[in-house]
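Below: the structure, in structure tokens.
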Amino acid sequence: MKIGTPKEVIEGEARVAMTPDSALQLQKLGHDCVIEAGAGKAAGFSDKDYKSAGVEVVKTAAALWKAADVVAKVRPPVDAEMKRLRDGQTLISFFNPGGNETQMNAAAKKGATVVAMEMVPRISRAQKMDALSSMANIAGYRAVIEAGNNFGRFFTGQITAAGKVPPAKVLVVGAGVAGLAAIGTSTSLGAITYAFDVRPEVAEQVESMGAEFVYLDFEEEQTDGAATGGYASVSSPEFREAQLAKFRELAPEVDIVITTALIPNREAPELWTEDMVKAMKPGSVIVDLAAEKGGNCKLTVMDEKIVTDNGVTIIGYTDFPSRMAAQSSSLYATNIRHLMTDLTPDKDGVINHDMEDDVIRGATVTHAKEVTFPPPPPKVQAIAAAPKKEVAPEPTPEERKAAEVAAFKKQTMTQVGLLGVGGLLLLLVGLVAPASFMQHFIVFVLSVFVGFQVIWGVSHSLHTPLMAVTNAISSIIILGALIQIGSSSFLITLLAALAVFMAAINIFGGFLVTRRMLAMFQKS
């Protein structure tokens with residue numbers, strides 16, 4: 001079959017759904033590739049590059065739509081493109097099925113199959129086709145770059161001869177793919193980064209990237225991300241009020257706010273209100289990645305950058321991925337290629353549109369002259385959730401006391417048994433050993449016992465288990481040497497004093513090294 005990619009007709013869109021590299025991979029699946037002249041120019045791919053990759057270049061969009069069995073593009077089709085769609089043809093693109101019912105019905109009536117890239121289910125097997133994540137990753141990175149371009153200071157703190165510059169404080173609202181990309185970029189630039197998400201389980205991811213997770217003093221049962229396609233669920237009104245109260249508290253402190261809260265086929269929730277904008281410092285920046293769906297900020301204007309009366313810059317651009325067209329096109333074309341791999345299981349150039357496949361069924365919005373949107377929930381979970389551990393019931397005071405008594409009895413019996421065995425061995429040695437040997441041997445045994453008990457009782461928060469053992473050995477040496485230091489022999493006294501000196505250095509040096517090791521893991 002022929003896979004064709006037309007030039008994007010929406011003004012300012014620089015991405016392209018097929019690159020020379022992806023075309024080579026598609027040809028290995030048995031497909032022929034065709035592209036409209038100039039389709040990849042804005043992304044840095046010339047017609048010559050495509051011809052070198054074995055792609056047929058046609059002059060007009062009409063010729064491409066007529067020749068292609070599968071049309072792959074980026075943006076949802078405009079009316080002129082929908083008129084060119086024909087029976088049996090497959091369209092792969094972003095489609096916005098939740099807000100594009102007219103075109104969806106028109107495509108079904110024509111008998112065309114439409115695969116919406118934003119509807120690819122978020123399950124493990126489909127990650128390679130997840131175009132939303134690919135584009136969100138770029139958008140999150142680019143949002144920080146745009147914020148820095150409009151922010152009047154460094155991200156990182158600096159101390160120079162001319163004065164001290166404090167680090168910027170960045171708040172990222174939403175810790176999905178775009179949010180995590182923004183967090184990573186912000187922290188790598190040296191900013192103090194805070195992040196918030198309604199899913200507390202993402203806190204570990206946020207903190208592992210060097211940011212501080214913003215917790216709410218509010219408990220609410222959250223829906224598992226697996227049940228909502230990998231996205232955050234809608235919160236209760238009480239949770240929302242607690243969330244807004246926390247944002248109002250943070251608004252005067254932060255310099256840059258990046259909002260990423262958006263669920264496909266829904267309007268963006270309003271999270272940054274007008275009073276929060278007014279509370280921000282002059283020169284602050286808000287980047288609203290949900291501007292296309294109404295925005296998370298009340299004052300966001302879609303596709304525009306505005307400056308409020310109090311000097312806050314609000315950026316509502318919707319083309320962040322397009323501003324990095326070469327990278328975006330490479331990732332998106334790879335997503336398309338992986339989807340075509342699933343659609344062409346035999347690699348013979350023949351598409352097998354298996355509606356029993358979770359991924360293909362989830363992404364298909366029209367097929368066989370029927371509207372298939374919305375899809376059923378996937379048979380496998382979007383995110384592998386850890387099984388809930390059964391919490392053992394709390395023991396009663398009587399049970400706890402009985403357990404402590406039993407543990408004490410067991411420990412006592414063990415110690416008595418060890419002492420009995422030790423005493424018996426000492427008696428057997430005394431029957432055959434001379435009295436002078438036994439005197440020194442008893443001193444050695446006592447020093448071992450006392451030294452071990454003294455050092456082993458020290459908490460491991462003060463020294464590592466390895467240091468505990470070496471310190472125990474050193475303490476045994478010190479106790480034995482202290483007993484021998486009063487000997488009448490000068491040589492024995494000298495050796496005992498050296499033993500005390502060297503063992504003491506080992507103990508205090510060990511604690512000092514441990515303290516320095518622990519300090520390495522503490523934030524200044």
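The first residue in the sequence is number 1, and the count goes up from there.
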| query | What distance do T364 atom OG1 and H353 atom NE2 have between them, rounded to the nearest 0.5 Å? | reply | 3.0 Å

| said: For a 4.5 angstrom cut-off between non-hydrogen side-chain atoms, does T5 reach V71? | reply: no

| request: Could you tell me whether the side chain of T260 reaches within less than 4.5 Å of the side chain of V173, counting heavy atoms only? | output: no

| query | What do the steps show when you test E81 against R84 for salt bridge (Lys or Arg N to Asp or Glu O under 4.0 Å), and what is the final call? | reply | CA-CA 5 Å; E81 291 174 316; R84 291 176 172 142; over 6 Å; no

| Can you find a pair of side-chain heavy atoms, one from F45 and one from I35, that are under 4.5 Å apart? | no

| Do side-chain atoms of D197 reach the backbone of V202 as a donor and acceptor pair under 3.5 angstrom? | no

| Roughly how far apart are D87 CG and K109 NZ, rounded to 0.5 Å? | 13.0 Å

| said: Within the structure provided, determine whether Y332 and F94 are in side-chain contact (heavy-atom separation under 4.5 Å). | reply: yes

| message | With heavy-atom distances below 4.5 Å as the criterion, would you say the side chains of P376 and R361 are in contact? | response | yes

| message | With a 3.5 Å distance limit and no angle check, can you tell me whether T300 reaches the backbone of N296 through a side-chain donor-acceptor pair? | response | no

| Partners passing side chain to side chain donor-acceptor pair (under 3.5 Å) against R75 (at least two apart in sequence or in another chain) | E13

| Separation of C297 SG from I258 CD1 (nearest 0.5 Å) | 13.0 Å

| request: Give me the ring orientation class for F247 and F196: parallel if the planes are under 30° apart, tilted from 30 to 60°, perpendicular past 60°. | output: perpendicular

| said: Quick check: do R248 and D275 have side-chain heavy atoms less than 4.5 Å from each other? | reply: yes

| task | Look at the side chain of N137 and the backbone N and O of V177, then say whether any donor-acceptor pair between them is shorter than 3.5 Å. | result | no

| Between E8 and V74, is there a donor-acceptor pair closer than 3.5 Å when you use the side chain of the first and the backbone of the second? | yes

| message | Within the structure provided, determine whether L91 and W65 are in side-chain contact (heavy-atom separation under 4.5 Å). | response | yes

| request: Look at atom NZ of K347 and say whether more than 12 heavy atoms of other residues, nucleotides or ligands are closer to it than 6.0 Å. | output: no

| Donor-acceptor pair, D47 side chain versus G38 backbone, under 3.5 Å? | yes

| Where the side chain of D348 meets the backbone of V350, is there a donor-acceptor pair that is under 3.5 Å apart? | yes

| message | Are K281 and P252 packed together at the side-chain level, in the sense that at least one heavy-atom pair is separated by less than 4.5 angstrom? | response | no

| Once the angle between the rings of F320 and Y317 is folded into 0 to 90°, is it parallel (under 30°), tilted (30 to 60°) or perpendicular (over 60°)? | tilted

| Mind checking what makes side chain to side chain donor-acceptor pair (under 3.5 Å) contact with D49, not counting sequence neighbours? | S46

